[in-house]
Structures are given as structure tokens and as C-alpha cells.
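The structure appears below as C-alpha cells.
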2 protein chains.
Amino acid sequence: MLEFAILGLLHQSPMHGYELRKQLAQVLGGLRSISYGSLYPALKRLRAAGFVTTDEPDRHAPLPADAPPLTGRRGKVVYTITAEGKERFHELVSQAGPEAYDDSGLFGVRLAFFRHTAADVRLRILEGRRRTVERQREGLRSSVTRARERLDRYTLELQRHGLESVDREVRWLSELIDSERKNADSSGADPPRTDPETPTPTG
Amino acid sequence: MLEFAILGLLHQSPMHGYELRKQLAQVLGGLRSISYGSLYPALKRLRAAGFVTTDEPDRHAPLPADAPPLTGRRGKVVYTITAEGKERFHELVSQAGPEAYDDSGLFGVRLAFFRHTAADVRLRILEGRRRTVERQREGLRSSVTRARERLDRYTLELQRHGLESVDREVRWLSELIDSERKNADSSGADPPRTDPETPTPTG
DNA sequence: CCCCCGATGTATCGTTTCGATACATCACAC
DNA sequence: GTGTGATGTATCGAAACGATACATCGGGGG
């Protein structure tokens, strides 16, 4: 998930790790954030896989043990997506299976990059997400019903609140789906692959 | 957080790990769950700290390397809270600082054990949580306002949805707080020193 | 002029958590 | 009897976390 988000952001423009983290917080919905302990190892992995490059020489290579522990002169590093990275991103962005919507976090990131996603894939992800959340809702409903007598007021309040949130999410998804369907109808049957640079489609 | 929840559940009755996990899922609000990879190490820690005991002899001790890898005869293990564990739980349950409400997960667990929590502590936790969420809401609001033009429709939809959820949570907390205050008024016997902080100038 | 402070920036450490998996027992239907 | 799903204990490697160290740079106040 993190890898996907990083590739998506670098796809738009090269960035420092610091800036990446800030943008990531926005993409993650505004309240969730990613720690450096996750970000830098992830960048290291992406770099090792050849999906991103840095402008500096290999600062990630292990140091000889007798060298000073890399104190002093720690330069800024700009991360840039490679051709392989863009390929990988487009491969990921075209996937519409359960992995795209079963996890709430990944779904959020997928949504954040919907402008890079083909219309039919968008629709399948939204519908998949709705089904997933609906199933959660049913599980929660029966759980609340079963536990009505055994649990105290506060636990029940918590579950009731959670249930209402899930309910709201279903309605929200339904609105998005309706909106997608309307757009699809008016734009014709053949969904063209979305261009990264297209400005707002139908504001 | 996990430790607190485990102690709280074992405080009510001894349990197997498996049962513990199921109850944990309920306590966590119904949609979140804890993996065995978290549960068993947590139990091991609690056991090492003397807060829980098991009915079986020390199955957690390291094995000699030449022994078969513990296959065969793996008995059930009932976990029971100790006197020290109960003491620890009551110590934790009386805390009302930021650690009790800044994290959404821990707040949920605290709420789940409110029936073991003193009325004044309950109120302080709820009010603290509301302030935390209100701050989140303000941050989110300004973020949405600032980013209105730069972001695409889907990202904005995601943020709008998040904002409404946070809004709903504030209202929910306010209802709980009102209810707590009413109870405190009618029961009278409870702590007189309720709010040293802001009298909440409307939500 | 200098010094401190807060934002920017890179990076690692130890600990915790996760998802997947292996393995075992038991109830019960077929 | 036999398999199939619930119950049950447990570990593994990968990943993420929170805290922290370290460094540079702009500007504002003494």
C-alpha cells in the first residue's frame, strides 16, 4: 500500500522524503500519517527494486564498520520514479480485485489516484468496496443484536456508533457509484485510458 | 492497549487465548481484530510481568534445540489474572490523561471498560477525547480549504467524507457527555470536581 | 552580530503488530 | 469411519511504529 502511494506521488513529480511524507498524510485521508520508520525503508525497497532512483550516489549501501557512523554532511535526497516504476504503477492501478478494496487503507489510496484509473476499474473498485462494507455491516448488525443483553451501555454505544459510520460509508459509496454511472453514460461505452495530465473531468 | 484490554477481559473471567481473541474483536468495536501474532506475545509479556498465570507448567520457556519442535500434545491453556494483574488494571483504569484518549484505539478500549471506571474519570476521558477530535476536525477543515483547488474530485470526496465522520464523532461524544452529566446530577453522591477546564463553548 | 528556534530534512533503533501458516483436538454430519 | 469446520496454541518473517539523533537553514530578537 505504502509502495503504491509513493509511486503514485512520485509519478506526479520528484520529491524529498520529507515532502513525500506530508503529501502522504493528505492522500491517506488527512488524519492518518506515515512514520519515517516506515517511509525510508519503503523507499529503500523501491530503490532496490529499481522503481525509484536518487540523485545522490548510493547512500543506502552498508558502510565499512570502521567509518564514522555517517555523521556530518548528510545531503538532501531527491527521489524520482523510473520507467520501471511507472510501469509498475500502471500495473497496480489497473487491478480491480479484492485486494483493491478489502482493506480500507488501500482502498483510500486507490481512491486518491482515481484520476489515473480507468473508468471501468473505478466502478468495479467502488462496487467491490461497497459489498465489503455491506458485509461488515451485516456482521456488525448480528453481533449487536446477539450481544444486546450481555454488554453494558458503553460498549453498545460504541458498536452503535460504529454501525452508523459503516452505514454512512455505504451511502457515500452509493453516491460515488451513481455519479460514476452517470459519467459513463454520457461519455460513451468505450472507456479510454485516463491520461495523467487530464484536468478535472466534469467539475 | 492490548495489555489493558486483556487484563480487562481476564478480570471478568479466565479464558483461553482463542476466546480472548473473539471477545477482543467485540471490545475493539466489532470491525477491528487482533491477530494471534499479537495476542500470544502479549500474553507472554503479561505472564513474564506476573500479571497473568496459566494452568499449565511453563510452556513458554525456550526448548533445547534438539527437541522435536513441540509437535504433539499441545494442551489448552487457561489464562487467569493475578492479584498483581488486578492491581495493574485498576491503576490503568484510573488514568485520565491524554494517553487515554489521544489514540482512537485505546480510547475505544477505555470506553469498553467504563463500567470499571469512576464517574469523574469517565467524564474527563470523554471531554479529552472530544477536544482531541475537535482539533483533528479543525486541522482537516483547514487542510480541505487550502487544498480545494489543487486536489481532484475523488481526493476531495474522501476528505469530505472523513470530515463528516469526525463531525459525527464529536456529536456522538457530546451526547455521551450530556448523558454522563445528567447521571452525575441525579446521583449526587459522585465527585463534585468535574470540569476544571473549559466549559465547552458549544460544538 | 549572533544565537536560538522552528521548519525542513535524512536516517536508524528497539519494539510491536501483522498476515500467513503449521499443527492439534473435537463435534457432528454423512 | 471419515471429512469438514470450529476450537485451540503457537511461531515466522516482514512490515510498521514511536522515539530519537543528527543536520541545515531562515529569520527574529537581544
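Just so it is clear, the values below take in all heavy atoms, side chains as well, and ignore hydrogens, waters and symmetry mates. Bear in mind that the values here come from a model prediction, so they are computed numbers and not experimental data. First the proteins, then the strands, lettered A, B, ... as listed; each starts at 1.
A:R130 and A:S174 form a side-chain donor-acceptor contact under 3.5 Å, judged by distance and modelled atom types alone. At a cut-off of 3.5 Å, with distance as the only test, no side-chain donor of A:S142 or A:T145 sits close to an acceptor on the other residue.
Residues passing the side chain to side chain contact (heavy atoms under 4.5 Å, CB included) test with A:E164 are A:R160, B:R168, sequence neighbours excluded. Residues forming a side chain to side chain donor-acceptor pair (under 3.5 Å) with B:E19 (at least two apart in sequence, or on another chain): B:Q23. Considering only residues two or more places apart in sequence or on other chains, A:F4 meets the ring pair (Phe, Tyr, Trp, His ring centres under 6.0 Å) condition with A:F89, A:F113. The ring pair (Phe, Tyr, Trp, His ring centres under 6.0 Å) check on B:Y36 picks up B:Y40, with sequence neighbours excluded.
Here the C1' atom of nucleotide D:dA15 and the CG atom of A:D103 are 14 Å apart, to the nearest Å. To the nearest angstrom, C1' of D:dT9 lies 12 Å from CG of B:D55. Here C:dT10 presents its C1' atom at 12 Å from CZ of A:R21, a figure rounded to the nearest Å. With rounding to whole Å, B:L46 atom CG is found 13 Å from C:dT16 atom C1'. The CD1-P distance, from A:I6 to D:dA15, rounds to 12 Å in whole Å. Regarding A:K44, its NZ atom lies at a distance of 14 Å from the P atom of C:dT10, rounded to whole Å. Rounded to an integer number of Å, the gap from NZ of A:K76 to P of C:dA7 is 16 Å. The distance between atom CZ of A:R47 and atom C1' of C:dA11, rounded to the nearest whole Å, is 14 Å.
Ion pair B:R141/B:E138 flagged as a salt bridge, since at least one NZ, NE, NH1 or NH2 atom sits closer than 4.0 Å to an Asp/Glu carboxylate oxygen.
The one candidate from A:F107, A:W172, A:F114 that meets the ring pair (Phe, Tyr, Trp, His ring centres under 6.0 Å) condition with B:Y154 is A:F114.
In the set D:dG8, D:dT11, C:dA7, the nucleotide with an atom closest to the side chain of B:Y18 is D:dG8.
Under 4.0 angstrom from either OP1 or OP2 of D:dT9 there lies at least one side-chain N or O belonging to B:Y40.
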Canonical and wobble pairing (Watson-Crick, G-U, under 3.5 Å) of DNA chain D, dot-bracket with |
||||||||||||||||||||||||||||||
Identify all pairs in which a protein N or O lies below 3.5 Å from an N or O of nucleotides 16-18 of chain D, and state each distance.
residue: D:dA16; atom: OP2; partner: A:R45; partner atom: NH2; Å: 3.1
residue: D:dC17; atom: OP2; partner: A:S38; partner atom: OG; Å: 2.2

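B:H90 places a side-chain N or O within 3.5 Å of a backbone atom of B:K86 that can act as its donor or acceptor partner.
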